[in-house]
Protein chains: 4
Amino acid sequence: MAEPIKKVVLAYSGGLDTSVILKWLEDTYGCEVVTFTADIGQGEELEPARAKAQAMGVQEIYIDDLREEFVRDFVFPMFRANTVYEGEYLLGTSIARPLIAKRLIEIANETGADAISHGATGKGNDQVRFELGAYALKPGVKVIAPWREWDLNSREKLLAYAEQHQIPVDMKRGKKSPYSMDANLLHISYEGNQLEDPWCEAEEDMWRWTVSPEAAPDAPEYLEIQFAGGDPVALNGESLSPATLLERLNQIGGRHGIGRLDLVENRYVGMKSRGCYETPGGTILLKAHRAIESLTLDREAAHLKDELMPRYASLIYNGYWWSPERQMLQALIDASQVHVNGLVRLKLYKGNVIVAGRQSQSDSLFDTHIATFEDDAGAYDQKDAEGFIKLNALRMRIAAQRGR
Amino acid sequence: MAEPIKKVVLAYSGGLDTSVILKWLEDTYGCEVVTFTADIGQGEELEPARAKAQAMGVQEIYIDDLREEFVRDFVFPMFRANTVYEGEYLLGTSIARPLIAKRLIEIANETGADAISHGATGKGNDQVRFELGAYALKPGVKVIAPWREWDLNSREKLLAYAEQHQIPVDMKRGKKSPYSMDANLLHISYEGNQLEDPWCEAEEDMWRWTVSPEAAPDAPEYLEIQFAGGDPVALNGESLSPATLLERLNQIGGRHGIGRLDLVENRYVGMKSRGCYETPGGTILLKAHRAIESLTLDREAAHLKDELMPRYASLIYNGYWWSPERQMLQALIDASQVHVNGLVRLKLYKGNVIVAGRQSQSDSLFDTHIATFEDDAGAYDQKDAEGFIKLNALRMRIAAQRGR
Amino acid sequence: MAEPIKKVVLAYSGGLDTSVILKWLEDTYGCEVVTFTADIGQGEELEPARAKAQAMGVQEIYIDDLREEFVRDFVFPMFRANTVYEGEYLLGTSIARPLIAKRLIEIANETGADAISHGATGKGNDQVRFELGAYALKPGVKVIAPWREWDLNSREKLLAYAEQHQIPVDMKRGKKSPYSMDANLLHISYEGNQLEDPWCEAEEDMWRWTVSPEAAPDAPEYLEIQFAGGDPVALNGESLSPATLLERLNQIGGRHGIGRLDLVENRYVGMKSRGCYETPGGTILLKAHRAIESLTLDREAAHLKDELMPRYASLIYNGYWWSPERQMLQALIDASQVHVNGLVRLKLYKGNVIVAGRQSQSDSLFDTHIATFEDDAGAYDQKDAEGFIKLNALRMRIAAQRGR
Amino acid sequence: MAEPIKKVVLAYSGGLDTSVILKWLEDTYGCEVVTFTADIGQGEELEPARAKAQAMGVQEIYIDDLREEFVRDFVFPMFRANTVYEGEYLLGTSIARPLIAKRLIEIANETGADAISHGATGKGNDQVRFELGAYALKPGVKVIAPWREWDLNSREKLLAYAEQHQIPVDMKRGKKSPYSMDANLLHISYEGNQLEDPWCEAEEDMWRWTVSPEAAPDAPEYLEIQFAGGDPVALNGESLSPATLLERLNQIGGRHGIGRLDLVENRYVGMKSRGCYETPGGTILLKAHRAIESLTLDREAAHLKDELMPRYASLIYNGYWWSPERQMLQALIDASQVHVNGLVRLKLYKGNVIVAGRQSQSDSLFDTHIATFEDDAGAYDQKDAEGFIKLNALRMRIAAQRGR
């Protein structure tokens with residue numbers, strides 16, 4: 001077999017699973033472990049992860065605040081395409097993985113590690129996303145995916161292993177959620193437990209970021225988002241950094257019950273799975289971006305984007321962020337966004353995001369003089385329509401003459 | 001010029017515009033006029049149109065109830081594709097036009113007419129939809145589009161012409177709406193007037209089919225829709241004909257404030273325009289159809305449909321229902337729907353349509369034994385994922401080795 | 001591990017590799033082996049395979065002539081789409097695999113076998129094609145791919161194994177070709193050996209089905225192919241069965257040096273490989289089919305097919321013939337072919353296939369009266385073009401007015 | 001009507017048609033005419049056009065050598081996409097039009113002209129290409145298309161008009177070709193006359209740039225083309241400017257009988273038409289570019305390009321070079337070409353272009369160690385293929401278990 005592994009960079013959360021993995025890697029591979037913990041807006045303190053890693057004797061500990069990079073270089077580019085997977089899913093988990101993969105590899109290069117490791121299972125999409133990214137960025141890297149290797153395939157076995165190896169296990173947030181969850185600045189997701197029955201409605205208790213539409217305020221709230229080059233840059237007139245802007249939208253959307261989603265989706269590994277998602281800020285952003293594009297984007301540019309979007313979404317979902325085809329599509333998408341500038345006014349009310357207005361001083365392609373139902377003073381010659389229709393119909397008329 | 005026109009079939013609503021057109025056609029072309037009035041669920045009595053046509057001396061009067069055909073052969077096939085134009089518009093107006101065009105041509109053939117006429121303007125999409133359909137079905141037909149020919153280009157001139165020619169004008173529904181409207185079983189639309197400013201929010205008074213989310217009941221309502229072969233066939237356990245089912249969904253959706261839309265859209269004739277739409281039943285149906293597909297449709301089948309949908313939507317929007325390319329896409333779409341059978345449970349609440357459950361006895365592809373987070377008893381071998389990822393990454397690893 | 005294998009159906013050619021596999025399966029799995037040998041036009045006698053299987057003690061021997069089924073149900077449907085992979089490859093190997101997979105499974109069902117086996121290596125596409133087909137048709141089947149399991153990974157080891165187990169090895173065709181080859185009615189392919197250097201030109205000696213263009217006759221030959229419903233049905237006025245027709249085209253094309261191809265292609269498993277192909281009949285057929293479509297197919301139907309063809313080609317190349325998405329695309333393609341009827345006249349000369357004429361009595365959409373440079377007597381109103389252009393330009397004019 | 005036209009820029013060839021147009025414009029519109037004559041490699045002297053314009057009293061005469069710009073900024077970008085229209089046509093005429101449109105508008109801006117004019121008929125594609133380009137670049141420009149306006153709709157009437165107005169008519173090239181022709185550095189085309197019967201083979205006399213394959217040399221010629229960033233930069237080791245390189249390829253290809261094409265194509269205005277084309281250099285270039293891409297381009301990048309190519313080709317064919325959607329696609333295409341560097345060796349023989357070799361020092365993705373049929377020393381783990389296949393098959397296995 002291949003040469004032994006000397007040092008591995010582990011995507012480390014500080015939780016039970018990755019703490020067990022840390023120990024297991026040392027024991028199984030006899031290698032040094034570098035931990036990497038990132039703040040991508042999951043809403044948890046990072047210092048406990050540092051303390052825990054130190055307590056477990058880790059020498060090289062990386063703790064990064066990646067929130068701005070995450071939103072600026074991953075979330076916003078994706079939203080330029082109005083990206084949704086399978087008609088509904090806003091790709092909250094998927095879009096965070098390539099950034100983690102990139103940092104894992106950067107740290108491997110900095111620390112001279114020859115392998116990386118992660119805590120994703122062998123059934124899910126995340127293993128694919130981490131590893132495709134890693135291989136694309138460092139082709140010779142070794143990847144250790146403990147869940148595909150070990151036999152600690154239940155919570156009980158993990159706890160036993162932890163106890164046996166004196167790994168400190170602190171139960172966070174009082175009682176442990178029965179769901180498998182993932183969170184970052186774009187969303188929080190829930191899988192497993194009773195969600196495994198697609199006929200079963202999610203219980204109200206499960207949701208963490210949003211109130212239910214029923215519990216949202218009885219009065220609507222209006223909101224104005226300013227776009228520049230296809231990206232949101234200001235909220236109600238206040239310029240905000242990408243991460244701050246998205247965080248604010250999450251808060252506002254969350255209190256209006258916006259952005260809950262309950263899906264059966266198709267995983268890249270070939271199975272269907274049930275997931276529930278809360279994406280309050282992203283849901284608002286998608287609606288707003290479409291609205292500003294409706295005013296400023298050329299028709300065929302918009303349609304071309306719409307036709308390519310499902311493929312672009314699949315690439316991200318499947319973990320191909322760092323592939324040449326994703327980059328080519330991004331070049332196409334970005335080329336369309338230079339004129340996507342302007343202001344969108346939205347009304348938020350009990351789960352609804354309603355477009356209340358859109359304007360663009362410099363870039364609106366809405367021409368009132370032409371579109372008007374009133375007299376347009378010759379801006380548009382209605383007689384042109386006859387020739388337009390006649391020639392567009394010509395091929396069908398010829399076919400019909402042949403009896404088709 | 002061409003030979004004179006002897007008989008023309010007019011798409012006749014009984015309203016001011018088409019009454020003036022009726023008279024104008026007789027006067028301008030010295031031709032006989034056949035009127036055709038259809039019930040496609042616009043919610044207006046048809047008998048007044050008959051009386052008016054008789055009063056104006058029309059000899060051949062066609063009054064058709066096309067509601068079932070409309071929903072069964074046009075609306076439902078379109079919904080099999082989860083069709084939306086430009087990400088949002090449910091194509092309520094567009095999908096009715098090919099049926100009108102087809103009946104106009106059938107009646108022309110039955111009555112020996114050599115021309116058809118309609119009341120659509122020279123700026124809009126409907127002229128294109130009527131005429132492309134007509135030419136595709138009867139290549140030698142002549143089309144008279146008065147709005148592109150005459151100079152009666154304002155309401156005042158129309159009224160003056162009506163008075164001068166003793167055309168009875170009854171003001172329907174009390175005061176005339178300031179909007180240009182279109183309605184059928186799928187939707188009602190509004191254009192013009194203050195909507196011509198895309199920054200201006202639509203006034204609450206404008207909407208006719210739905211209450212506002214604010215005015216909707218405080219209690220949610222649950223609903224179950226049964227699908228067979230991709231089409232809805234029963235509501236809360238009651239089998240219903242296509243038109244009846246859609247009508248019911250409109251009522252239910254309408255009272256929960258569901259299906260309002262406010263858009264800037266791109267017309268086929270090249271301009272942007274603002275439109276507001278109410279599509280309560282269609283909005284529910286789209287959500288429900290996606291939900292049942294999420295359980296019963298293969299991943300790649302679903303993705304292929306998603307990628308082709310924008311093009312299919314454009315074809316319908318632009319008036320190409322009767323084209324070979326629309327028929328080819330329909331063949332592809334329909335081939336995917338045979339297994340789309342099952343039940344969807346929805347929760348309606350103040351503008352929200354929320355999926356609460358989906359099931360399919362015979363056709364679910366959701367395999368709990370494989371998808372589970374619990375022990376799957378060997379249904380899925382996690383080790384397979386390693387090879388899957390390795391080979392999917394191979395091309396990128398080779399590229400990275402070359403320094404890309 | 002899983003339960004033991006009792007009976008396996010082996011795709012058996014009678015050659016060294018699959019003879020070794022036969023023995024190896026018996027020894028390794030202690031199972032019974034059923035052999036399946038098919039005539040798909042590879043140009044080899046099948047009786048020696050029967051004799052050899054008998055000599056090795058096989059009890060259930062299947063020998064099938066699948067030539068007509070192969071051409072009628074696989075080759076012709078594929079050619080309806082003008083299918084080429086990566087711009088050049090006519091998919092000769094790929095299209096035969098789903099038929100073999102189907103027969104393997106049918107025989108497994110007939111004989112009560114629980115597994116199938118094949119002689120494809122772990123680096124190529126054929127393993128994928130065999131196995132995806134098998135799994136799609138019989139989800140619980142076990143697949144044994146000896147090349148991925150054993151350590152007989154060189155010709156020397158195979159020969160040693162054969163000698164050791166008294167497997168009769170007859171050296172066919174005098175000296176063994178240094179290339180890895182595959183043949184059926186559609187093509188013959190060459191890989192390996194000196195072809196592994198993409199800068200190295202293939203030696204003349206390698207090619208088996210075609211003369212070189214230089215060695216082809218100095219006089220051209222004309223040929224007429226009749227199409228019905230998109231498929232070729234007659235050659236020079238003679239109605240022929242699918243397999244006979246393709247065989248004839250291979251002979252004619254072969255003597256005119258037609259259909260050689262030298263490619264670097266992208267395998268599904270992630271690597272690039274060099275291959276040389278001879279597809280004389282297929283090359284003629286592709287040109288002829290495009291020619292008859294050029295006359296009889298609607299423009300947008302043709303363009304839609306062209307846009308979807310690369311994906312359809314990839315599906316076949318990658319082994320997804322039995323997938324729902326391939327079937328959906330086939331439904332779309334077939335829906336376009338009903339009017340593809342007529343006659344194509346071709347000139348063959350030293351490697352060239354030149355269209356010399358095309359006609360269709362009933363289905364030509366070429367309208368001389370409209371297309372003519374001479375006076376068309378009003379069949380087409382040139383003034384229509386102005387409106388056509390003006391409205392197609394409108395969106396770009398509005399954008400240009402905004403300074404874009 | 002609109003305000004009168006004061007000055008018009010005419011695309012002027014010096015031939016009969018545009019000379020008559022020149023005079024007709026002056027007479028009909030009472031306007032000044034600026035002539036614009038470009039060398040795009042059509043192979044005609046430009047000075048006679050200058051002399052003729054002077055003789056007709058034109059004050060502002062533009063004569064431009066646009067050959068390098070044409071090939072560098074239009075032909076080469078198009079070839080980066082391996083662009084063919086309807087599977088065969090290399091777009092020789094189409095790609096020249098946007099450049100002419102651009103210069104017409106630049107000259108209109110320089111000379112203060114308010115209109116442009118051209119000699120394209122109302123039935124063809126060129127009117128659309130000129131005018132869409134013009135409108136996109138100068139939205140308020142007026143376009144005069146005499147062929148759509150006047151009644152000089154035959155050669156006799158043109159000659160009579162010329163005689164009547166003393167327009168000098170010199171019969172070029174001895175006897176006038178019976179075909180409507182167009183030429184530039186990329187190709188020469190033929191339409192009309194006996195070609196209007198698609199069953200009729202083109203006569204040998206028609207072709208001007210190439211010898212017939214029969215008349216080509218009996219000995220093949222080898223050729224090496226160097227690519228950098230997807231564009232050809234050297235021939236047989238000699239660096240050449242874009243126009244010079246294409247000119248050389250035309251000469252070499254022409255003498256080997258390469259690049260003849262005989263097509264029925266679908267015009268944008270809705271009719272089918274027959275055209276014959278000679279594109280010797282372009283035919284060589286397309287083959288060479290695909291060959292170097294086969295070695296240097298990632299699989300998915302190549303497939304994405306292939307899938308989008310037909311749409312890109314249609315955009316160019318239909319005249320949308322200056323549209324945002326063409327520019328977006330170009331951004332995608334260009335993003336793929338940075339690594340398309342290397343050398344292609346071709347064999348030319350009697351109409352055949354045969355790839356004899358391809359290599360790329362720095363950018364080849366062909367990895368002999370992995371692709372080899374010999375022992376690869378562990379570069380590729382064949383066992384990975386099993387997991388790859390298993391997971392790719394999973395969705396189909398689940399479906400098959402449900403009886404699909």
Side-chain angles (χ1 to χ4, degrees), chain B residues 132 135-136 139 266 270 295-304 307-308 310-311 323-325 335-336 338-342 360-371 376 378-404, chain D residues 132 135-136 139 266 270 295-304 307-308 310-311 323-325 335-336 338-342 360-371 376 378-404:
Chain B
L132 289 182
Y135 287 134
N266 291 290
L295 204 63
T296 59
L297 203 58
D298 171 81
R299 179 186 72 201
E300 295 303 311
H303 292 194
L304 180 55
E307 291 188 45
L308 292 172
R311 173 185 300 229
S323 71
E325 64 272 23
S336 74
V338 58
H339 297 294
V340 180
N341 305 310
S360 175
Q361 304 295 6
S362 55
D363 292 292
S364 172
L365 298 175
F366 185 93
D367 187 321
T368 321
H369 299 104
I370 287 180
D376 65 5
Y380 174 99
D381 186 347
Q382 301 210 18
K383 290 198 178 47
D384 287 339
E386 185 182 336
F388 178 75
I389 297 169
K390 280 269 189 69
L391 293 201
N392 276 316
L394 183 54
R395 63 185 174 94
M396 295 192 290
R397 275 158 57 206
I398 294 172
Q401 280 162 359
R402 295 295 176 280
R404 295 191 187 174
Chain D
L132 288 182
Y135 288 133
N266 291 291
L295 205 62
T296 59
L297 204 58
D298 170 82
R299 179 186 72 200
E300 295 302 312
H303 291 193
L304 180 56
E307 291 188 44
L308 292 172
R311 172 184 299 229
S323 71
E325 64 272 23
S336 74
V338 58
H339 297 294
V340 180
N341 305 309
S360 176
Q361 303 295 5
S362 54
D363 292 292
S364 173
L365 297 176
F366 185 94
D367 187 320
T368 321
H369 298 104
I370 287 179
D376 66 5
Y380 175 98
D381 186 349
Q382 301 210 17
K383 290 198 177 49
D384 287 339
E386 185 182 334
F388 179 75
I389 296 168
K390 279 268 188 69
L391 293 202
N392 277 315
L394 182 54
R395 63 185 173 95
M396 296 192 290
R397 275 159 58 207
I398 294 172
Q401 280 162 357
R402 295 295 176 280
R404 299 195 186 173

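The chains referred to below are lettered A, B, ... by the order of the sequence lines, with proteins before strands, and numbering in each begins at 1.
With a threshold of 4.5 angstrom between heavy atoms, D/I389 does not approach chain B through any atom at all. Both the backbone and the side chain of B/E300 come within contact range of chain D, each with at least one heavy atom under 4.5 Å from a heavy atom of that chain.
Distance CZ/B/R395 to CG/D/L297: 10.5 Å, rounded to 0.5 Å. For the atom pair CZ of D/R311 and CZ of B/R311, the computed distance is 5.0 Å after rounding to the nearest 0.5 Å. To the nearest 0.5 Å, atom CD of residue D/Q401 and atom NE2 of residue B/H369 are 10.5 Å apart. Here the straight-line distance linking atom CZ of B/R404 with atom CG of D/D298 works out to 7.5 Å at 0.5 Å rounding.
Scanning both residues, B/L394 and D/I370, for their nearest heavy atoms gives CD1-CD1, 3.9 Å.
Partners of D/R299 by salt bridge (charged side-chain N to carboxylate O under 4.0 Å, His left out), not counting sequence neighbours: none found. Partners of B/D384 under the side chain to side chain donor-acceptor pair (under 3.5 Å) rule, at least two apart in sequence or in another chain, do not exist in this structure.
Put simply, of B/L391, B/I398, B/N392, the one with the most heavy-atom pairs under 4.5 Å next to chain D is B/L391. When the candidates D/K390, D/M396, D/H339, D/E386 are compared by the number of heavy-atom contacts under 4.5 Å with chain B, D/H339 comes out ahead.
A side chain to side chain contact (heavy atoms under 4.5 Å, CB included) with B/R402 holds for exactly one of D/T296, D/D367, D/D363; it is D/D367.
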